[in-house]
Student: 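Next up is a structure, given as structure tokens.
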There are 2 protein chains.
Amino acid sequence: MDIKIIDVAVKAGVSAATVSRVLNGNASVKTRTREKVERAIVELGYHPNAVAKNLRSQKSMTIGIIVPDVNASYYTEMIKGIENMAYSRKYKVIICDAENDRDKELAYLNLLLSRTVDGMILATPSLTDDEISGFSDKGYSVALVGRRIEHDKVPCIFTDNVKFSKEVVYHLVGQGYRDIVFLSGYAETVDSYERLEGYLKGLKEHQIPFRPELVENGNFNETGGYEAMIRLFDKKLTFTAVYAANDEMALGVYRACRERGIRIPEQLAIVGVDNNRVSKYLNPTLSTVNQPKYAMGAVIAEKLIDQMNDDEFSDVKIFKVDSELIVRGSSDCRLSG
Amino acid sequence: MDIKIIDVAVKAGVSAATVSRVLNGNASVKTRTREKVERAIVELGYHPNAVAKNLRSQKSMTIGIIVPDVNASYYTEMIKGIENMAYSRKYKVIICDAENDRDKELAYLNLLLSRTVDGMILATPSLTDDEISGFSDKGYSVALVGRRIEHDKVPCIFTDNVKFSKEVVYHLVGQGYRDIVFLSGYAETVDSYERLEGYLKGLKEHQIPFRPELVENGNFNETGGYEAMIRLFDKKLTFTAVYAANDEMALGVYRACRERGIRIPEQLAIVGVDNNRVSKYLNPTLSTVNQPKYAMGAVIAEKLIDQMNDDEFSDVKIFKVDSELIVRGSSDCRLSG
DNA sequence: ATTCAAAATGAAATCGATTTCAACAACAGA
DNA sequence: TCTGTTGTTGAAATCGATTTCATTTTGAAT
């Protein structure tokens, strides 16, 4: 049913090899022959079969990304960075949404591991460091986002969670808030762990005793933030500020506050993380930590592609990037009008 | 470097054919043989090469989606629906972000056309109806989102833009707003065209004369909405309401209003489309049209997969779904406190 | 006109799996 | 024990391209 290379060859009166040479343009073909072949390609509407091509040439010029949730702007904006860098290097990008489900994560990992792509960017937490090292050792090109492993062939990029979390605490304390809730994402992720660490250090440097009951877990989404806040309210604890692990969870905090009639920031200050596109439209506007998502995507894509091509000129593999606190109305009364 | 099927075969003392049979589990293999093979697979850490498999079996159990922007929740929520339906039918999903760029769109289309996937869902506007029909006729499985073509093998799903646009106008007129701006997305898309049509019909049914100067184009994003509004303000036109082609553009309207000190909804009412996850958190909360994005994704994925498998039991291919107007503070003073 | 290197081309091998087909083994029934 | 059916297995063909290697053409230099 499909037109194959041999059909083009017959129509142009040449061999399949010659058609292939025209297609790939790296060997010498006489101008007249080339023209005949090109005409045949157009007339037959020939589309090379990428599967066969990839099998033979052992590459696909494609990189794959596995993200935990395509609905999270943190990832989609990073994807934009990856996408554009990849495109400029002639790579295509395919995106897989693991939906925070370990089974799907493994299913998509298997898809990528079975050579459908030349390299992969993993933004998912489920694999162990050893497993990732193992993939690299077996010849797969891997790069990581949001975590690091010590391996000289695995580029990693992540933000300095500890640093900006301390800054969040500094800021809140500076505004007079001392009883600060930490609303963690999935407790077992590196991001959550490090943000907790920064939160603890921040408290310590201000001699504020740590109250474990002020740490609650959510799951990085609105519902998780809402439910965690309801739990906290129902425990009748005293607190005056919330540091939410991301803006999405902060939305849930807004909802809980609205339900309970609590005014932001007078009665409760809120700081999120991510600088979601809409955070400046909330009421009040949401203080948050801006992460250079697009740039992170572009950098990790570039390093992965370099690695895939054995371009050894870049030997730095570990990128820790700084994030910036953006103070808005949810944590500063002067800005909340 | 990689372990191949023949390596497993040698290790297990059988032929490659037998290993393949164990792998795919559809032919009979003695239990003892099966165990030997399974042990060899585990011991060698064998991963089948999907590219070779796909070439031979002429399928990949994968469907591809091309969206104009992965950053738009309209698409990501639909992707969730596609993803879950596909997963339940043992299909994987790869997502391509064409970034509203015709070249990328064609590049990704070519990727999908070259048999990397078994079927594709297109949510991009750049192809003509004839081109799409042509793909289907050539044996490619295609489904469409947000547009329709008349072809008995191409499932299509879209919302009744005319209907809900008329409802938006009814609602605004009912609230006393008669000078209604229509902020269109890309003018050339079907969605934009039909929404304009609904807007015009809505006006007509209320005997409100159409003022062409109240129609502005944006590009479905925040910046587009903002810039269009600034243009309108600068023209010193009189208008009291804005119907924005999506919530993202409505955000831009909010920004423009804030800059110009215009109160929503007292001085200007706003209605968007999409029911973006955050629209109910805006200040004031945004009136919008809820589209059943997840369900639309699930339905189109199911129909595409049926089509791919020639399951003729479902002969309905065209799905027009209804959307629901959600009235909130941005267009109703009573709700805007 | 002859020679010879360089350019152009085709036949066949190859990528790594699946699948067909034929051969062989196992086992039930006579 | 023999026959026939069913169940297992392997050799070889196949998917559709690229690439190697050998061969033929070309064209410049003599």
Side-chain angles (χ1 to χ4, degrees), chain A residues 1-38 40-41 44-62 110-111 113-118 138-140, chain B residues 1-38 40-41 44-62 110-111 113-118 138-140:
Chain A
M1 176 212 64
D2 266 7
I3 308 292
K4 300 184 286 190
I5 197 171
I6 187 65
D7 301 320
V8 177
V10 168
K11 174 132 193 164
V14 299
S15 71
T18 298
V19 177
S20 173
R21 285 188 265 257
V22 171
L23 248 21
N24 296 287
N26 36 26
S28 48
V29 176
K30 255 192 175 172
T31 310
R32 271 188 50 76
T33 314
R34 156 166 292 114
E35 286 167 357
K36 275 192 302 183
V37 171
E38 284 167 347
I41 289 173
L44 294 174
Y46 169 69
H47 278 278
N49 181 314
V51 178
K53 176 181 177 129
N54 297 349
L55 174 61
R56 177 61 232 227
S57 60
Q58 302 286 43
K59 57 184 181 177
S60 59
M61 295 305 284
T62 302
N110 262 310
L111 176 70
L113 282 178
S114 54
R115 301 290 176 199
T116 357
V117 297
D118 296 342
K138 278 192 191 162
Y140 298 96
Chain B
M1 176 213 64
D2 265 5
I3 308 292
K4 300 184 287 191
I5 199 171
I6 187 65
D7 302 319
V8 176
V10 169
K11 173 131 192 165
V14 299
S15 72
T18 298
V19 177
S20 172
R21 285 188 265 257
V22 171
L23 248 22
N24 296 288
N26 35 26
S28 48
V29 175
K30 258 194 177 169
T31 311
R32 273 187 50 76
T33 316
R34 158 167 290 115
E35 286 167 357
K36 277 192 300 183
V37 171
E38 284 168 346
I41 288 173
L44 294 174
Y46 168 69
H47 277 278
N49 182 314
V51 179
K53 176 181 177 127
N54 296 350
L55 174 60
R56 177 60 232 226
S57 59
Q58 302 286 46
K59 57 184 179 175
S60 59
M61 294 306 284
T62 302
N110 262 309
L111 176 71
L113 282 179
S114 55
R115 299 291 176 198
T116 358
V117 297
D118 297 341
K138 279 192 190 162
Y140 298 96

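Note on naming: letters A, B, ... go to the chains in the order of the sequence lines (proteins, then strands), and numbering restarts at 1 for each one. Computed from a prediction, not measured in an experiment: that's the story for all the values here.
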Student: For D/dG16, take OP1 and OP2 only and decide whether either is under 4.0 Å from a side-chain N or O of A/K4.
Tutor: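 Checking A/K4 against D/dG16: at least one side-chain N or O falls below 4.0 Å of OP1 or OP2.
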
Student: Between P on C/dG16 and CG on B/D7, what's the gap in Å once rounded to a whole number?
Tutor: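 Going from B/D7 (CG) to C/dG16 (P), I get 9 Å.
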
Student: Return the value, rounded to whole Å, for the distance between atom CG of B/L113 and atom C1' of D/dA17.
Tutor: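 It works out to 17 Å between those atoms.
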
Student: Do the non-hydrogen side-chain atoms of B/K59 and B/N54 ever get within less than 4.5 Å of each other?
Tutor: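 No, every pair of side-chain atoms sits at 4.5 Å or beyond.
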
Student: Nearest to the B/N24 side chain among C/dT18, C/dT9, D/dT8, which nucleotide is it?
Tutor: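 Selected nucleotide: C/dT18.
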
Student: Does B/S28 make a side-chain N or O approach to OP1 or OP2 of D/dT8 shorter than 4.0 Å?
Tutor: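 Checking D/dT8 against B/S28, a side-chain N or O does come within under 4.0 Å of OP1 or OP2.
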
Student: Is a donor on one side and an acceptor on the other found under 3.5 Å between the side chain of A/T18 and the backbone of A/A16?
Tutor: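 No, the answer is negative, given that no donor and acceptor are paired below the 3.5 Å cut-off.
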
Student: In whole angstrom, give the distance that lies between atom NE2 of B/H47 and atom P of C/dA17.
Tutor: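 These atoms are roughly 12 Å apart.
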
Student: Hey, does the side chain of A/T62 reach the backbone of A/V117 with a donor-acceptor pair shorter than 3.5 angstrom?
Tutor: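 Not confirmed, A/T62 side chain does not pair with A/V117 backbone.
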
Student: Report yes if a side-chain nitrogen or oxygen of B/Q58 is closer than 4.0 Å to either non-bridging phosphate oxygen (OP1 or OP2) of C/dT18; otherwise report no.
Tutor: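 No, no such contact exists.
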
Student: Looking only at atom types and distance, does a side-chain atom of A/D7 sit under 3.5 Å from a main-chain N or O of A/K4, one as donor and one as acceptor?
Tutor: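 Yes, the answer is positive, given that a donor and an acceptor are paired below the 3.5 Å cut-off.
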
Student: Counting only side-chain heavy atoms from C-beta out, which of C/dT18, C/dA11, D/dT8 sits nearest to A/S15?
Tutor: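 Among C/dT18, C/dA11, D/dT8, the one nearest the side chain of A/S15 is C/dA11.
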
Student: Using whole Å, what does the distance between atom C1' of nucleotide C/dA8 and atom CG of A/N26 come to?
Tutor: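 Spelled out: CG on A/N26 to C1' on C/dA8 is 14 Å.
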
Student: Quick one: on DNA chain D, does B/L55 or B/A17 contact a more 5' nucleotide (nearest heavy atom)?
Tutor: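 It is B/A17 whose nearest nucleotide is closer to the 5' end.
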
Student: C/dA17 phosphate, OP1 or OP2: any side-chain N/O from B/Y46 under 4.0 angstrom?
Tutor: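 Looking at the OP1 and OP2 atoms of C/dA17, one of them is under 4.0 Å from a side-chain N or O of B/Y46.
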
Student: Rounded to the nearest Å, what distance is computed from the CG atom of residue A/N54 to the P atom of nucleotide C/dA17?
Tutor: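 In whole Å, C/dA17 P and A/N54 CG are 15 Å from each other.
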
Student: Name the residue closer to the 5' end of DNA chain D, choosing between B/A27 and A/N49 according to the nucleotide with the nearest heavy atom.
Tutor: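 Checking each residue's closest nucleotide, the 5'-ward one belongs to B/A27.
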
Student: If you look at every strand shown and take non-hydrogen atoms under 4.0 Å, does B/V14 touch a base, only sugar-phosphate, or nothing?
Tutor: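 Result for B/V14 = sugar-phosphate.
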
Student: What nucleotide among C/dA26, C/dT9, C/dT19 has an atom nearest to a side-chain atom of B/K30?
Tutor: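 Between C/dA26, C/dT9, C/dT19, the one nearest the side chain of B/K30 would be C/dA26.
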
Student: For B/I6 and C/dT18, give me the distance from atom CD1 to atom P, rounded to whole Å.
Tutor: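 It works out to 13 Å between those atoms.
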
Student: Measure from CD1 on B/I3 to P on C/dC15 and round the result to the nearest Å.
Tutor: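 Going from CD1 in B/I3 over to P in C/dC15 covers 15 Å.
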
Student: Would you say B/T33 reaches D/dT9's phosphate, i.e. side-chain N/O to OP1/OP2 under 4.0 Å?
Tutor: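 Result: yes.
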
Student: Is the phosphate of D/dT18, meaning OP1 or OP2, less than 4.0 Å from a side-chain N or O of A/K53?
Tutor: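 Affirmative; the distance criterion is met.
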
Student: Could you check whether the side chain of A/R56 and the base of C/dG16 have a donor-acceptor pair of N or O atoms closer than 3.5 Å, going by distance alone?
Tutor: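 Result: no qualifying N/O pair found.
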
Student: Please report the distance, rounded to the nearest Å, between CZ in B/R21 and P in C/dA17.
Tutor: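 Distance check: B/R21 CZ to C/dA17 P gives 15 Å.
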
Student: For the residue pair A/N49 / B/S114, report whether a side-chain donor-acceptor contact shorter than 3.5 Å exists.
Tutor: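 Judged by distance alone, the side chains do not pair up.
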
Student: Tell me what B/T18 touches on the nucleic acid: a base, only sugar-phosphate, or nothing, going by heavy atoms under 4.0 Å.
Tutor: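 The answer is sugar-phosphate, as B/T18 gets under 4.0 Å only of primed atoms, P, OP1 or OP2.
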
Student: For D/dT19, does OP1 or OP2 lie under 4.0 Å from any side-chain N or O of A/S20?
Tutor: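 Checking D/dT19 against A/S20, no side-chain N or O comes under 4.0 Å of OP1 or OP2.
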
Student: Taking the side chain as every heavy atom from C-beta outward, state whether A/I41 and A/L23 have any atom pair closer than 4.5 Å.
Tutor: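 A/I41 reaches A/L23 side chain to side chain.
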
